[in-house]
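Values below: all heavy atoms of this structure, side chains included; hydrogens, waters and symmetry mates excluded.
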Amino acid sequence: MSELSYLAATDIQSVGTPTLWGVTIAGVLALLVLDFLVTRRPHEVSIREALGWSAFYVALPLAFGAWIWSRYGSQQGVEYLTGYLVEKSLSVDNLFVFMLLLAAFAVPAALAQRVLLYGIAGALVLRAVFIALGAAALQTLDFAFLLFAVILIATAVKLLRDAVSGHEQEVDISKMRSVKLLRRFMPVVEEYQGTRLTVRQNGRRALTPLALVTVAVLATDVVFAVDSVPAVYGITEDPYLVFATNAFALLGLRALYFVLHAALSRLVHLSYGLAVILAFIGVKLGLHWAHGIWSGVPEIPTLASLGVIIGVLVVVTLTSLGATRGTAPAEEDVPVEHR
């Protein structure tokens, strides 16, 4: 028997009881603390270490999905797994941008995982805010699904346009708004000072380059949250499942970055695949909105969505590997497309 709670004064169904929310948030915070403890002593991450943590952060959400399936039924289980797959796919796109920023700021290899962890923590906070705003929009705005659909389709068009044009986003640190704003209020030292974000110089508090790259990463988190949250709302209307899929997808990014660092440059068709996925979910949301007005309008089942998403990811992965067979671009030449 499914156990569903209802959000007050709405007809939005959610498996997220207060107890489940509390346990989940406590678990996410505990995992973040664990990651900070692991990175308290800066060191270069070995492939063995990265693979171990990546396996953990894949097994954990899959086990959680199995629990959701057994406890609340197949519908919630499929929605969770589909949402997780969407968010994990989009998180790989995040890694492209993180790679570009780390290279632009010349972040030492030993500090890379600390920067990634700051970015993940910030992304979790931003996703929580956007998820709450999304839930509020669904409760109060009749056209919320249509609005989400427009956002996703517009993002898909931009991704596709950039991919077709071969546009490569370059980072000019001196022109970044976040960096210019910080430099206006505080001086910045030239050298990294370990994991310290600020130091005292000539009797005055100054920022380190680690603080600048951290703020730059957090600024990009806002961009990614704008399309990631509507995308998973296109899979499930349950705010708890939306939060869980986002949290699990983000928590594993630190280790995944080091596993995929060399392979990321070969995923040359990823933007095409993400554009198709976002456009598909946008259409799904648009049909869902229209179905609420005209019952004759068909809807796309979540299970069918899962099949489409898996199919698209398999195709773009195979075509990317085929297109880059025998090539080994230099790390500094890796193109990163910014949404």
Side-chain donor-acceptor pairs of residues 49-57 under 3.5 Å, sequence neighbours excluded:
residue : atom : partner : partner atom : Å
Glu49   : OE1  : His43   : NE2          : 3.2
Glu49   : OE2  : His43   : NE2          : 3.2
Ser54   : OG   : Ala50   : O            : 2.9
Tyr57   : OH   : Asp35   : OD1          : 3.4
Tyr57   : OH   : Asp35   : OD2          : 3.3

| Step-by-step side-chain contact (heavy atoms from CB on, under 4.5 Å) determination, Ile153 to Leu278 | CA-CA 6 Å; Ile153 292 174; Leu278 291 178; over 6 Å; no
From [X] atom [atom1] to [Y] atom [atom2], the distance as rounded to the nearest 0.5 Å:
X      : Y      : atom1 : atom2 : answer
Phe248 : Leu60  : CZ    : CG    : 4.5 Å
Phe145 : Leu287 : CZ    : CG    : 12.5 Å
Ser305 : Ile310 : OG    : CD1   : 11.0 Å
Leu81  : Gln76  : CG    : CD    : 11.5 Å
Leu34  : Leu251 : CG    : CG    : 10.5 Å
Leu160 : Thr155 : CG    : OG1   : 12.5 Å

Restricting to non-hydrogen atoms, name the atom on [X] and the atom on [Y] that form the minimum distance, rounded to 0.1 Å.
X      : Y      : answer
Leu90  : Ala231 : CD1-CB, 4.2 Å
Ala135 : Tyr233 : N-OH, 3.3 Å
Ser228 : Glu87  : O-OE2, 2.8 Å
Ala275 : Ala156 : O-CB, 3.2 Å
Ile131 : Pro239 : CG2-O, 3.9 Å
Asp238 : Ser14  : OD1-OG, 2.7 Å

| Shared-cluster residues of Val199, by chain and number - hydrophobic side chains joined below 4.5 Å |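 Noted: Val199 shares its cluster with Val189.
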Test side-chain contact (heavy atoms from CB on, under 4.5 Å) applied to [X] - qualifying residues, sequence neighbours left out:
X      : result
Glu299 : His288, His291
Ser91  : Lys88, Leu253
Thr195 : Pro42, Leu111, Arg114
Ala290 : Trp294, Val297

Kindly list each side-chain donor-acceptor pair under 3.5 angstrom involving residues 122-129, sequence neighbours excluded, with atom names and distances?
residue : atom : partner : partner atom : Å
Arg127  : NH1  : Asn246  : OD1          : 2.8

| task | Give a yes or no on whether Arg184 atom CZ has more than 12 heavy-atom contacts from other residues, nucleotides or ligands under 6.0 Å away. | result |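 No, CZ of Arg184 has 12 or fewer neighbouring heavy atoms, counting only those of other groups under 6.0 Å.
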| field | side-chain hydrogen bond (donor to acceptor under 3.5 Å, both in side chains) partners for Thr317, two or more places apart | value | none
| said: Taking side-chain hydrogen bond (donor to acceptor under 3.5 Å, both in side chains) as the definition, give me every residue that meets it alongside Thr214, ordered by chain and number, with sequence neighbours left out. | reply: none
Mind checking ring-ring contact (aromatic ring centres under 6.0 Å, His included) for [X] and listing every partner two or more places apart, or none if nothing turns up?
X      : result
Tyr118 : Phe36
Phe143 : none
Tyr240 : Trp21

| field | N/O donor-acceptor pair under 3.5 Å between Thr319 side chain and Val316 backbone | value | yes
| field | Side chain Thr82, main chain Glu79, donor-acceptor under 3.5 Å | value | no
| field | Derivation and outcome, side-chain contact (heavy atoms from CB on, under 4.5 Å), residues Phe258 and Leu116 | value | CA-CA 10 Å; Phe258 296 100; Leu116 294 171; 3.9 Å; yes
| message | So Pro108 and Tyr192, do their side chains get closer than 4.5 Å, heavy atoms only? | response | yes
Going by the side-chain contact (heavy atoms from CB on, under 4.5 Å) test, name the single residue among [options] that passes it with [X].
X      : options                        : answer
Leu250 : Leu32, Ile120, Thr245          : Ile120
Phe98  : Val217, Val107, Val115         : Val217
Thr198 : Leu207, Val188, Leu210, Thr208 : Leu207

| query | Is the distance between the ring centroids of Phe148 and Trp289 under 6.0 Å? | reply | no
| said: Can you classify the ring geometry of Tyr80 versus Tyr84 as parallel (below 30°), tilted (30 to 60°) or perpendicular (above 60°)? | reply: parallel
| task | Could you give me the CA-CA distance, side-chain angles and deciding distance for Ile277 and Leu313, then say whether side-chain contact (heavy atoms from CB on, under 4.5 Å) is met? | result | CA-CA 9 Å; Ile277 290 172; Leu313 291 176; 3.8 Å; yes
| request: Under the side-chain contact (heavy atoms from CB on, under 4.5 Å) rule, what do Ser320 and Leu270 come out as? Steps first, then yes or no, please. | output: CA-CA 8 Å; Ser320 293; Leu270 179 63; 5.7 Å; no
